[in-house]
**Student:** 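Sharing a structure here in structure tokens format.
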Amino acid sequence: MKIQQNKRIRFEDLGLMNYDEAFAHQEKLMQHIIAQKIANRENPGNFQPTENHLLFVEHPHTYTLGKSGHEENMLANPEKLREINAVYTKTNRGGDITYHGFGQIVGYPILDLENFRTDIHLYMRNLEEVIIRSIAEFGLKGERSSGETGVWLDVGKPFARKICAMGVKASRWVTMHGFALNVNTDMRYFEYIVPCGIRDKQVTSLQRELERELSPEEVQRVKNLIVENFAEVFECVIDD
């Protein structure tokens, strides 16, 4: 049966939301898509296109450990976590430990890759491309680092640093989780982990690189750029 591809994506900016609540929302959308895929296979005569979603969210201080991560990369004990008003949770995405917090743009694409390309490697490279194009508008040259998912600056130099972390999960070609771009992020929170399990490289933010805090209007501009570039890279239409 030829798949009828739906190239439209529903966009929603959820604002500030606890990690667990956002996770549950992603799971609900993912399971809805998977249920439709199963129904389409069982009854192809009543085929209904599957949905795609792109969520933006900002989390309070949260550390998440991926399913292949190492707990020793969490350097803060429970007392320190309480002191810095942060929570620590294990999750089902790929990758190691990372930080989510205020001043970050977190993007969760819940896509049926059968509407696009069923290639997780390509999907990750496309996510990186979206961020690379978006930060270029601020004069930053984002790059890929071989074997290290995400978007980096000054790859191959002594001060290589990550500006955007990525980690995803896919089930039946439906994705969840995504990327976390540091914008006006309090970088001190990265001192309590080994970010992504990588010890010899640093993390950075748009604020740190530009040496100034981005205004609310500029933060919105970053969001708009990500949406625009997502539409271009994935060759889709994004509806809000």
Side-chain angles (χ1 to χ4, degrees), residues 3 5-43 47-69 71 74 81 86-102 104-124 126-128 130-131 149-150 164-181 193 196 223 226-227 230 234 236 238-240:
I3 298 293
Q5 292 182 315
N6 173 24
K7 295 282 193 176
R8 302 192 81 90
I9 296 178
R10 298 180 180 180
F11 171 72
E12 186 177 9
D13 190 337
L14 302 174
L16 183 64
M17 180 179 286
N18 288 336
Y19 183 85
D20 289 345
E21 186 179 353
F23 178 88
H25 186 49
Q26 289 186 78
E27 274 279 335
K28 181 179 179 181
L29 295 175
M30 181 188 217
Q31 293 307 320
H32 176 76
I33 295 170
I34 289 174
Q36 186 61 62
K37 288 165 72 80
I38 293 172
N40 286 341
R41 282 165 171 74
E42 292 177 347
N43 187 8
F47 185 95
Q48 299 294 321
T50 51
E51 297 177 352
N52 307 289
H53 300 266
L54 174 61
L55 310 176
F56 280 179
V57 66
E58 184 179 20
H59 294 308
H61 303 302
T62 306
Y63 295 103
T64 65
L65 182 71
K67 60 185 179 181
S68 59
E71 289 197 62
M74 163 51 74
L81 289 172
V87 297
Y88 170 52
T89 185
K90 295 179 182 178
T91 191
N92 62 354
R93 61 164 171 77
D96 207 285
I97 197 165
T98 195
Y99 163 75
H100 294 309
F102 303 103
Q104 226 178 34
I105 297 174
V106 177
Y108 293 138
I110 297 93
L111 309 182
D112 179 1
L113 292 185
E114 289 191 281
N115 288 325
F116 301 93
R117 292 276 298 277
T118 51
D119 184 331
I120 293 295
H121 177 80
L122 176 63
Y123 173 63
M124 298 303 297
N126 282 342
L127 285 183
E128 290 165 348
V130 169
I131 301 302
T149 302
C164 183
M166 296 183 179
V168 305
K169 169 185 167 63
S171 177
R172 295 179 182 261
W173 294 116
V174 181
T175 67
M176 64 180 291
H177 301 291
F179 62 85
L181 175 64
I193 60 173
C196 303
K223 291 181 176 181
I226 294 172
V227 172
F230 201 100
F234 284 87
C236 63
I238 298 182
D239 302 310
D240 54 18

**Student:** Do any N or O atoms from the side chain of Thr175 and from the backbone of Pro109 form a donor-acceptor pair under 3.5 angstrom?
**Tutor:**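 Yes; judged by distance alone, with no hydrogens or angles, the pair exists.
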**Student:** Distance-only, no hydrogens or angles: does the Glu58 side chain make a donor-acceptor pair with backbone N or O of Val106 under 3.5 Å?
**Tutor:**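 Pair absent, no side-chain N/O of Glu58 close to backbone of Val106.
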**Student:** Does Asp112 reach the main-chain N or O of Val174 with its side chain, forming a donor-acceptor pair under 3.5 Å?
**Tutor:**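 Absent.
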**Student:** Among Arg10, Arg8, Lys7, which one satisfies salt bridge (Lys or Arg N to Asp or Glu O under 4.0 Å) with Glu51?
**Tutor:**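 Of all the options given, the one that passes is Arg10.
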**Student:** Taking the six-membered ring for Trp, are Tyr19 and Tyr108 parallel (under 30°), tilted (30 to 60°) or perpendicular (over 60°)?
**Tutor:**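 If you compare the ring of Tyr19 with that of Tyr108, the planes turn out perpendicular.
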**Student:** Give, for atom CZ of Phe179 and atom CE of Met124, the distance between the pair rounded to the nearest 0.5 Å.
**Tutor:**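 With rounding to 0.5 Å, CZ (Phe179) is 11.0 Å from CE (Met124).
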**Student:** Checking the side chain of Gln26 only, and the main-chain atoms of Met176 only, is there a donor and an acceptor separated by less than 3.5 Å?
**Tutor:**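 It does not hold such a pair.
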**Student:** When rounded to the nearest 0.5 angstrom, what is the spacing between OG in Ser171 and NZ in Lys37?
**Tutor:**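 The OG atom of Ser171 sits 9.5 Å away from the NZ atom of Lys37.
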**Student:** Using side-chain heavy atoms (C-beta onward) and a distance below 4.5 Å, is Asp239 in contact with Phe11?
**Tutor:**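 The answer is no; the side chains never approach within 4.5 Å.
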**Student:** Once you round to the nearest 0.5 Å, how far does OG1 of Thr89 lie from CZ of Phe23?
**Tutor:**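 Here the rounded value is 8.5 Å.
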**Student:** Would the distance check show the side chain of Asp119 and the main-chain N or O of His121 forming a donor-acceptor pair, the cut-off being under 3.5 Å?
**Tutor:**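 It does hold such a pair.
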**Student:** I need the Thr98 OG1 to Leu65 CG distance, nearest 0.5 Å.
**Tutor:**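 Going from the OG1 atom of Thr98 to the CG atom of Leu65 covers 10.5 Å.
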**Student:** I'd like to check His53 versus Glu12 (side-chain heavy atoms, cut-off strictly below 4.5 Å). Are they in contact?
**Tutor:**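 No - every pair of side-chain heavy atoms lies 4.5 Å or more apart.
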**Student:** Any luck finding a side-chain donor-acceptor pair between Thr50 and Asn6 under 3.5 Å?
**Tutor:**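 Per modelled atom types, Thr50 and Asn6 side chains form no pair under 3.5 Å.
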**Student:** Would you compute the distance between atom CZ of Phe230 and atom CD1 of Ile131 and round it to the nearest 0.5 angstrom?
**Tutor:**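 One gets 9.5 Å once the value is rounded to the nearest 0.5 Å.
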**Student:** Knowing that exactly one of Ile38, Asn40, Ile33, Ile34 qualifies, which makes a side chain to side chain contact (heavy atoms under 4.5 Å, CB included) with Gln36?
**Tutor:**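 Answer after filtering Ile38, Asn40, Ile33, Ile34: Asn40.
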**Student:** Let me confirm one number: the CG-CD1 distance from Asp13 to Ile105, rounded to the nearest 0.5 Å.
**Tutor:**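 One gets 8.5 Å once the value is rounded to the nearest 0.5 Å.
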**Student:** Find out whether Phe56 and Leu14 are in side-chain contact, i.e. whether some heavy atom of one side chain is under 4.5 Å from a heavy atom of the other.
**Tutor:**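 No, their side chains stay 4.5 Å or more apart.
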**Student:** Report yes if the distance between the aromatic ring centroids of Tyr88 and Tyr63 is under 6.0 Å, otherwise no.
**Tutor:**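 Ring-ring flag for Tyr88/Tyr63: false, centres at least 6.0 Å apart.
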